[in-house]
2 protein chains.
Amino acid sequence: MDAIEVARARGSRKRTRIQAENEEKILDAALEVFSRFGFRGATVDQIAEKVGMSKPNLLYYFRRKQDIYTAVLTRTLDMWLAPLGDMSEDGDPETELVGYIRQKLEQSRDKPQESRLFIGEILQGAPHLDKVLKTELKDIVTEKAAVIRRWIADGKLIPVDPVHLIFMIWATTQHYADFDTQVRAVLGKGMNNPATFRAASDTVVNVLMRGILPGR
Amino acid sequence: MDAIEVARARGSRKRTRIQAENEEKILDAALEVFSRFGFRGATVDQIAEKVGMSKPNLLYYFRRKQDIYTAVLTRTLDMWLAPLGDMSEDGDPETELVGYIRQKLEQSRDKPQESRLFIGEILQGAPHLDKVLKTELKDIVTEKAAVIRRWIADGKLIPVDPVHLIFMIWATTQHYADFDTQVRAVLGKGMNNPATFRAASDTVVNVLMRGILPGR
DNA sequence: GGCGTCCTTGACCAAAAGGGCAAGAAAAAT
DNA sequence: ATTTTTCTTGCCCTTTTGGTCAAGGACGCC
């Protein structure tokens with residue numbers, strides 16, 4: 001086995017154009033399928049068909065179903081957690097929180113599948129994400145909870161449990177992605193409709209802000 | 001074919017004790033499995049094993065996987081929608097809404113699997129429930145939205161979009177069932193812990209009520 | 001334009017999954 | 001106690017699904 005073979009065996013060879021393109025197409029299709037049916041409910045054939053590629057070809061890029069799932073999950077994860085990180089302690093609580101809520105609502109409108117992918121994973125008991133939840137997620141929540149606590153101490157917010165407040169924000173915003181089907185059944189339209197998006201935003205922002213900002 | 005055979009073919013014969021018992025045990029096990037893996041991710045063998053029964057025996061009671069799923073879904077549905085119906089126009093808005101929120105939170109604590117079963121169905125696009133969502137659910141939401149609108153007209157509530165307010169209540173309460181795994185990862189404990197339940201209730205009730213009740 | 005590597009797929013395989021059947025074991029009815 | 005009905009399971013079948021393999025075709029580099 002020469003050096004090149006070793007390198008290739010380790011997967012450390014330079015990625016070709018075709019590789020990059022196809023891997024991305026695969027992950028997009030996989031996101032669609034996994035977000036609808038969960039890991040166990042999704043089939044490799046289904047993903048392959050959605051990509052317009054033979055199954056063996058798909059498996060040339062990702063050898064196991066697991067690998068596809070893990071790849072799409074990790075690809076999504078950072079993007080998903082980002083908004084919370086944006087929330088800065090220095091700013092005005094109202095501005096910061098409203099900004100965060102708006103970002104999450106935009107995510108629900110623009111990236112609903114990503115949201116559904118996570119809930120599918122959570123429903124199963126988060127077998128592939130358990131570690132991340134208990135470390136990275138927990139850490140960032142603890143950190144932001146501290147920020148909220150300081151705002152409360154400064155009298156800028158009503159006293160509330162910060163973690164449960166974060167849960168409320170997550171719940172109310174992600175609802176529009178996760179329960180999209182239900183929202184559409186009741187409302188007749190979804191978040192892609194500007195009026196619906198505005199009504200949802202206004203309601204969520206107003207009620208939550210009125211609920212935690214002091215005075216009046 | 002005599003009368004009895006005809007009756008049996010129609011399934012209209014009296015249910016025996018064993019039938020009642022086993023069907024219930026099956027539906028319980030099916031709820032567990034379907035709520036974790038969704039319709040497609042669940043397997044009949046898995047359910048059979050959970051019941052402690054051979055697969056052919058299980059299929060003696062429910063001939064197809066579909067039938068099990070439909071049965072557990074409809075069994076859960078009424079129970080699930082009930083609390084909304086309890087909300088009466090005559091009462092005081094605060095009492096009624098707080099009561100509703102509390103009931104939903106208790107549901108999340110006591111019947112989390114039922115909640116997860118629904119979200120699994122919704123994620124798939126509600127293929128088995130679409131009709132119900134667009135009729136019964138939509139109707140009851142419209143009805144309750146009218147009640148809320150009247151409360152607003154009477155100055156008993158701040159002006160908010162009633163439907164989105166209902167969504168917020170659903171989202172914040174069901175979150176504790178659907179995201180149980182995540183809640184546990186962050187908090188270290190779930191809603192079965194009395195302190196957690198109290199903290200969640202207080203936060204949700206306080207923030208929402210403060211967010212929509214007028215004055216002060 | 002030739003050559004080595006990468007890409008693609010048809011054919012195939014083993015395991016898992018939905019479901020049927022017939023025959024024996026338990027219950028119920030007589 | 002016998003007969004009838006209901007319950008239960010071992011065995012089998014078919015389809016689906018995850019995954020392999022060998023061989024042909026495309027690509028990129030000299």
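Each chain gets a letter, A, B and so on, in the order the sequences are listed, and its residues count up from 1.
- Using a cutoff of 4.0 Å between basic side-chain nitrogens and carboxylate oxygens, Lys55(A) and Asp45(A) are scored as salt-bridged.
- Counting only heavy atoms from C-beta on, Ile18(A) has its side chain closest to dC27(D) among dC27(D), dC21(C), dT9(C).
- Across all strands shown, Ala42(A) has heavy atoms under 4.0 Å from sugar-phosphate atoms exclusively, and none from any base.
- In terms of phosphate contacts, Asn57(B) brings a side-chain nitrogen or oxygen within less than 4.0 Å of OP1 or OP2 of dT9(D).
- Ser115(A) and Asp178(A) share a side-chain donor-acceptor pair at under 3.5 Å.
- Listed nucleotides dT8(C), dG19(C), dG18(D) differ in distance to Arg64(B); the shortest reach to its side chain belongs to dG19(C).
- Judged by distance alone, with hydrogens and angles left aside, Lys65(A) brings no side-chain donor or acceptor close enough to the base of dG19(D) to form a pair under 3.5 Å.
- Between Arg17(B) and dA28(C) there is a side-chain N or O to OP1 or OP2 distance below 4.0 Å.
- Counted by atom type alone, His175(B) and Gln174(A) present zero donor-acceptor pairs between their side chains at under 3.5 Å.
- Residue Tyr61(A) has no polar side-chain atom (N or O) positioned under 4.0 Å from OP1 or OP2 of dC6(C).
- Look at Gln19(A) and you'll find a side-chain N or O under 4.0 angstrom from OP1 or OP2 of dC7(C).
- The Thr16(B) side chain lies nearest to dC7(D) when the options are dT9(C), dC7(D), dG19(C).
- Whole-Å rounding puts the Ile47(A) CD1 to dT16(D) C1' distance at 15 Å.
- The side chain of Thr43(A) places no N or O atom within less than 4.0 Å of a non-bridging phosphate oxygen (OP1 or OP2) of dT16(D).
- Protein atom CG of Leu58(B) is 11 Å distant from nucleotide atom P of dG19(C), rounded to whole Å.
- Both Arg40(A) and Ser54(A) sit near DNA chain C, but only Ser54(A) has its closest nucleotide nearer the 5' end.
- Between Leu59(B) atom CG and dA22(C) atom P there is a gap of 16 Å when expressed in whole angstrom units.
- Atom CD of Glu49(B) is separated from atom P of dG18(C) by 13 Å (rounded to the nearest Å).
- Taking a cutoff of 4.0 Å between a charged side-chain nitrogen and a carboxylate oxygen, Asp130(A) and Lys134(A) qualify as a salt bridge.
- Contact check on Arg198(B) versus Asp202(B) returns no salt bridge, with no Lys/Arg side-chain nitrogen under 4.0 Å from an Asp/Glu carboxylate oxygen.
- What separates CD1 of Ile26(A) from C1' of dT8(C) is a distance of 12 Å, to the nearest Å.
- Between dT8(D) and Tyr60(B), no contact under 4.0 Å exists linking OP1 or OP2 to a side-chain N or O.
- Arg17(B) has a carboxylate O that lies under 4.0 Å from a charged side-chain N of Glu21(B), or vice versa, which qualifies the two as a salt bridge.
- Summarising the geometry, the separation between CD on Glu21(A) and P on dC6(C) is reported as 17 Å, rounded to the nearest angstrom.
- Contact check, Asn22(A) against dT8(C): a side-chain N or O comes under 4.0 Å of OP1 or OP2.
- Between Lys55(A) atom NZ and dA22(D) atom P the separation is 18 Å, expressed in whole Å.
- Regarding Asp45(B), its CG atom lies at a distance of 17 Å from the P atom of dC12(D), rounded to whole Å.
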